[in-house]
There are 2 protein chains.
Amino acid sequence: MPKQTFFNLDPTKRQAVIDAAVEEFAQFAYEQASLTKIVEQCGIAKGSMYQYFTDKLDLYLYVVDLAYEKKRSYVSQAFAQEGDIFAVLEEYYLQSYEFARKHPLLHQVANKFWDSKAEVLRPQLEEGRLSRARDFAQFLSDAMERGNVNPSLDPEAVFFVYHAVGKDLIDCFDQRRNSQFLKQVLDVLRLGLTARKEEV
Amino acid sequence: MPKQTFFNLDPTKRQAVIDAAVEEFAQFAYEQASLTKIVEQCGIAKGSMYQYFTDKLDLYLYVVDLAYEKKRSYVSQAFAQEGDIFAVLEEYYLQSYEFARKHPLLHQVANKFWDSKAEVLRPQLEEGRLSRARDFAQFLSDAMERGNVNPSLDPEAVFFVYHAVGKDLIDCFDQRRNSQFLKQVLDVLRLGLTARKEEV
DNA sequence: CTCCAATGTGACTACCCAGTCATTTTTACA
DNA sequence: TGTAAAAATGACTGGGTAGTCACATTGGAG
């Protein structure tokens, strides 16, 4: 959490600090990112940064939080709508793409977060992964009960496949990957997961 | 490529250098790995390392090469055997697991290679990814022609799904993931990809 | 034994980084 | 206007890095 001093700042200056930090953390993972470059970019003294944040980690987590707050404002509507698990997931990824298109830097910040190797980020990463796994497991078991997903499949394996594909769908997002491609990928998964009469 | 001096070295000493480098590059990606720690670990002078290798990158690529050479000696037999695409892939991952079990450090070196963010590694990474994509695309189009894979699916999407899952299968390899789990994951993919009569 | 090329060496350079702190500047209020 | 608290500052510390180079050691040929 930033210190009070940061929130007392003139909004223009505060935004300049945020912008510079977002730019740096979009380009480099936590370890490679340079606080020195950030302060140079936004034109404040090194020491000033330490009036606003306790350390590099504090600033980083604040920026990652901003990115995910914004992302949540996009993807949350996917879960609000009705429909089977496949429709919800398609909407989720479409909204993720929209977020990435509108806020490319925040998108990169959010993505790079999961690549962080720094020891200090271990707790946050672990907690994040766990909470995602919990949410998806719940979502999946609901879908299995409602009969959308083949109940004979190992839920752990289903989760594993979805997680791997989902991560890459968002990771490898770029202008070339359109919603048509997304549909095709989700189709492969749908065919693999849907309950069916014919056994192959 | 190492310099001739490296190959003139006493085999014991040469192996000590390799072991120390493998240990470091198994634990840290290229950028985070420290040449200083490597020379300390194997007990040679910093300058000596530069008698053997032109720079850190030279040493790194040599070690990555060793890792992949060893790995190839495991997985190559998967492609030698007969059987449909699903059988070949199961064998491929089983052999990858065997490699990881027998050579955990080399496994980590090979895996970490793809995480590298360093600009100097860009060409190698790009070439590596391209050549893998080419191989798998060929493999896939053969399977589609032979009728194992649903021909109505977009080959790019199929490749994308397989690549994502395959990467994570190897990435997340650890003692808990046994061949039973692997079968379940490949089952999800098989169901998603196999040509079928019933439309869902 | 001598000599010279090949090899080994580690202090050193030049560069990066996060974080500190004594000092100065700004601000707010009496 | 005077003063005290808040905020801003940037030189500095201590630590890390890859790579260099003048010098020391080794080993084999003559």
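Because the structure is a prediction, the values reported are computed rather than measured. Lettering follows sequence order; numbering is per chain, from 1.
Closest to the side chain of Ala45(A), from the set dC17(C), dG8(C), dG10(D), is dG10(D). Considering only the side chain of Thr5(B), dT7(C) comes nearest among dT7(C), dT17(D), dA18(D).
Summarising the geometry, the separation between CG on Leu9(B) and C1' on dT7(C) is reported as 9 Å, rounded to the nearest angstrom. When rounded to the nearest whole Å, the span between NZ of Lys3(B) and P of dA6(C) equals 13 Å. Taking atom CG of residue Leu35(B) and atom P of nucleotide dC15(C), one finds them 20 Å apart after rounding to whole Å. Atom pair Phe53(B):CZ and dG19(D):C1' shows a separation of 16 Å (rounding to whole Å applied). Rounded to an integer number of Å, the gap from Gln4(A) CD to dA5(D) C1' is 15 Å. We find that CD of Gln32(A) is positioned 11 Å from P of dA18(C), with the value rounded to whole Å. The CD1-C1' distance, from Ile44(B) to dT25(D), rounds to 16 Å in whole Å. With rounding to whole Å, Phe28(A) atom CZ is found 12 Å from dA18(C) atom P.
Taking each heavy atom of Tyr50(A) and Asp55(A) in turn, the nearest pair found is CE2-CA, 3.9 Å.
Contact between the side-chain N/O atoms of Tyr52(A) and the OP1/OP2 oxygens of dA7(D) is not found at any separation under 4.0 Å. The phosphate of dA18(C) (OP1 or OP2) has a side-chain N or O of Thr36(A) nearer than 4.0 angstrom. Proximity of Asn8(B) to the phosphate of dT7(C): a side-chain N or O atom is located under 4.0 Å from OP1 or OP2.
Asp58(B) places a side-chain N or O within donor-acceptor distance of the main-chain N or O of Met1(B), the cut-off being under 3.5 Å. A donor-acceptor distance shorter than 3.5 angstrom exists from the side chain of Lys56(B) to the backbone of Ala33(B), with no hydrogens or angles considered.
At a threshold of 4.0 angstrom between heavy atoms, the contacts of Ser48(B) include nucleobase atoms, whether or not backbone atoms are also involved. Nucleic acid contact for Lys13(B): sugar-phosphate only, since backbone atoms but no base atoms lie under 4.0 Å from a heavy atom of the residue.
How far NZ of Lys3(A) is from OH of Tyr52(A): 11.0 Å, rounded to the nearest 0.5 Å.
Ion pairing between a basic and an acidic side chain is recognised when a charged N comes within 4.0 Å of a carboxylate O; Glu40(A) and Lys37(A) show no such pairing.
The base of dA8(D) lies close enough to the side chain of Gln51(A) for a donor and an acceptor atom to sit less than 3.5 Å apart.
Taking for each of Lys46(B) and Ser34(A) the nucleotide of DNA chain C with the nearest heavy atom, the 5'-most of the two is the partner of Lys46(B).
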